[in-house]
Amino acid sequence: MSKTSLREGQMIISLPESCLLTTDTVLRSYLGAYIAKWQPPPSPVLALCAFLVSEKHAGDRSPWKPYLEILPKAYTCPVCLEPEVVNLLPKPLKAKAREQRTHVQEFVSSSRDFFSSLQPLFSEAVESIFSYSALLWAWCTVNTRAVYRKRAPRQCFSAEPDTCALAPFLDLLNHSPDAQVKAAFNEETRCYEIRTAVSCGKHKEVLICYGPHDNHRLLLEYGFVSIRNPHACVYVSKDILVKYLPSTDKWMNQKISILEDHDFIENLTFGWDGPSWRLLTALKLLCLEAEELTCWKKVLIGEIISDTNEKTSLDIAQKICHYFIKESKAVLQKISHMKDEEVALINQLTLVETLWTEELKILQASAETLTSLQTAFT
């Protein structure tokens, strides 16, 4: 919260480079010599994770203790959710959540030999210090809280970009999709700075924007959902896209191939203002009659082929939208029952419930927009 009114362009935070936790910090530490000689070179993220776990294990002896103590004890990224909760996620997000879990598991398992090499630093067995849960916590800390700070490639690290820096205090600022700030490392002052892009009133919470992310991205990368997020949307997968199209259409495979070849099969969405242009365009192409198929290029650049094609594509979009509305309500009802039965999972279930509630609101808004568009053809 700001104690005074803030002008446009005014500094909110200026954090000296010495306060940033980066791979430079790790290399200057007791881990530096072990990283320098390890082959193949560890990734920058692995170095940061190893340092976080080591310092947390050091407890009162760690100079980073004040920062470590304000970090979350646990995270709510999908990789941290229980399997039965992950199963409740929307299908596109569920697939990404499982990919995230696989990535973290491989990250941990592929690093075991490196952690074993650190045994001389500890009296306890490194297996107990660098456990899966400890490394999961460290990975989530870096993934959810790091700011962008690019470093030049170094031989002691893998070719993976070295762009992560943990910034104490700065990462306590909450996200708002409407916040307007400028955040970057200032090479002249050697500080990571955040400045307002608009004025901010006295006693108002100072917020930052993590980027124009939809709620799937926010939950996957940061572990939360933003209410009334203007970037939120509901994704339409290929199987749902063709769900209400005639199965007798012998040109369907060719139409789908055209969409795939021209990158019109992904990122088809419903938003607060209705179906996206990409979704309607894909449906218009799929709804082309056999004699109209030669006009597919005109469809992809936004030309109207016929009133019949326009009406049919809107009708199909409305059917898809109502399918999702029905699905959302069913999942929300299931979550409600689970919250009564699975008390230990109530926080995780509430998070997923919030996501589905937001998606239901988006779909209901889209349904209204589609109804208005359909009236032009009645």
Side-chain angles (χ1 to χ4, degrees), residues 11-36 38 41-58 62-72 75 77 79 100 103-104 107 111 114 134-175 179 181-197 206-213 217-218 220-224:
M11 185 85 71
I12 302 173
I13 289 180
S14 178
L15 199 63
E17 186 175 24
S18 59
C19 293
L20 299 178
L21 200 169
T22 66
T23 50
D24 287 337
T25 312
V26 181
L27 289 177
R28 289 193 300 266
S29 76
Y30 49 87
L31 294 178
Y34 291 85
I35 290 171
W38 186 255
S43 70
V45 170
L46 175 57
L48 289 171
C49 288
F51 185 78
L52 284 171
V53 173
S54 299
E55 291 298 299
K56 189 177 183 182
H57 175 72
S62 172
W64 292 92
K65 181 186 176 185
Y67 175 57
L68 295 172
E69 285 188 332
I70 63 172
L71 292 173
Y75 290 91
C77 302
V79 68
Q100 186 183 68
H103 171 75
V104 173
F107 169 77
S111 307
F114 170 70
L135 289 165
L136 174 61
W137 170 83
W139 185 89
C140 288
T141 296
V142 174
N143 196 61
T144 64
R145 308 181 85 80
V147 297
Y148 184 84
R149 171 75 174 101
K150 188 174 183 179
R151 308 295 298 168
R154 284 168 286 187
Q155 290 185 343
C156 61
F157 290 125
S158 65
E160 183 180 313
D162 187 356
T163 57
C164 293
L166 292 169
F169 309 115
L170 184 152
D171 62 4
L172 294 177
L173 294 173
N174 289 323
H175 163 85
V181 298
K182 296 178 180 178
F185 186 81
N186 188 324
E187 295 292 346
E188 293 182 4
T189 63
R190 307 304 295 175
C191 293
Y192 194 92
E193 300 175 349
I194 297 183
R195 295 178 179 272
T196 58
V206 178
L207 300 163
I208 61 174
C209 181
Y210 297 170
H213 303 319
R217 176 78 179 274
L218 288 175
L220 187 70
E221 301 294 344
Y222 302 102
F224 69 88

- Message: If the condition is salt bridge (Lys or Arg N to Asp or Glu O under 4.0 Å), which residues does Lys182 pass it with, not counting sequence neighbours?
- Response: none

- Measuring from Cys19:SG to Trp64:CH2, what's the distance to the nearest 0.5 Å? 7.0 Å

- What distance do Thr22 atom OG1 and Phe185 atom CZ have between them, rounded to the nearest 0.5 Å? 9.0 Å

- Shortest non-hydrogen pair, Ala146 vs Cys164, comes out as CB-CB, 3.8 Å

- Item | Pairing residues for Ala167 by the side chain to side chain contact (heavy atoms under 4.5 Å, CB included) criterion, not counting sequence neighbours | Leu15, Leu20, Val147, Leu170

- Step-by-step side chain to side chain contact (heavy atoms under 4.5 Å, CB included) determination, Leu52 to Leu68: CA-CA 8 Å; Leu52 284 171; Leu68 295 172; 3.9 Å; yes

- Item | Partner residues of Tyr148 under the side chain to side chain donor-acceptor pair (under 3.5 Å) criterion, sequence neighbours left out | none

- What pair of heavy atoms forms the shortest contact from Phe107 to Ser43, and how long is it? CE1-OG, 4.3 Å

- Taken in chain and number order and not counting sequence neighbours, the residues that satisfy ring pair (Phe, Tyr, Trp, His ring centres under 6.0 Å) with His57 are Phe122

- List in chain and number order the residues that pass side chain to side chain donor-acceptor pair (under 3.5 Å) with Arg190, two or more places apart in sequence or in another chain; answer none if no residue qualifies. Glu17, Glu187

- Message: Within the 4.5 Å heavy-atom criterion, are Ser158 and Pro44 side-chain neighbours or not?
- Response: yes

- Shortest non-hydrogen pair, Ala183 vs Ile194, comes out as CB-CG1, 3.9 Å

- Query: So do the side chains of Pro66 and Ile70 get within less than 4.5 Å of each other, counting heavy atoms only?
  - Reply: no

- Query: How far does SG of Cys49 sit from CG of Asn143, to the nearest 0.5 angstrom?
  - Reply: 9.0 Å

- Using the test side chain to side chain contact (heavy atoms under 4.5 Å, CB included), find all partners of Ala50 that sit at least two apart in sequence or belong to another chain. Leu31, Phe114, Phe115, Phe130

- Out of curiosity, Arg149 CZ to Leu21 CG, how far, rounded to the nearest 0.5 Å? 13.0 Å

- Note on the structure: The reported gap from CG in Leu46 to CZ in Phe157 (rounded to nearest 0.5 angstrom) is 9.0 Å

- Message: According to side chain to side chain donor-acceptor pair (under 3.5 Å), who are the partners of Ser14, at least two apart in sequence or on a separate chain?
- Response: none

- Task: With sequence neighbours excluded, tell me which residues meet side chain to side chain contact (heavy atoms under 4.5 Å, CB included) with Arg145.
- Result: Leu71, Pro72, Tyr75, Thr141, Leu166, Asp171, Leu172

- Output every pair passing salt bridge (charged side-chain N to carboxylate O under 4.0 Å, His left out) with a member in residues 155-169, not counting sequence neighbours, ordered by first then second residue. Arg154-Asp162

- Task: Please list, chain by chain and in numerical order, all residues satisfying side chain to side chain donor-acceptor pair (under 3.5 Å) with Glu55, sequence neighbours excluded.
- Result: Tyr30, Ser62

- Quick one: list whatever passes ring pair (Phe, Tyr, Trp, His ring centres under 6.0 Å) with Tyr222, sequence neighbours left out. Tyr210

- Message: Among Thr23, Thr163, Asp24, which residue satisfies the side chain to side chain donor-acceptor pair (under 3.5 Å) criterion with Arg151?
- Response: Asp24

- Message: Rounded at 0.5 Å granularity, tell me how far CZ in Arg195 sits from CD1 in Ile12.
- Response: 10.0 Å

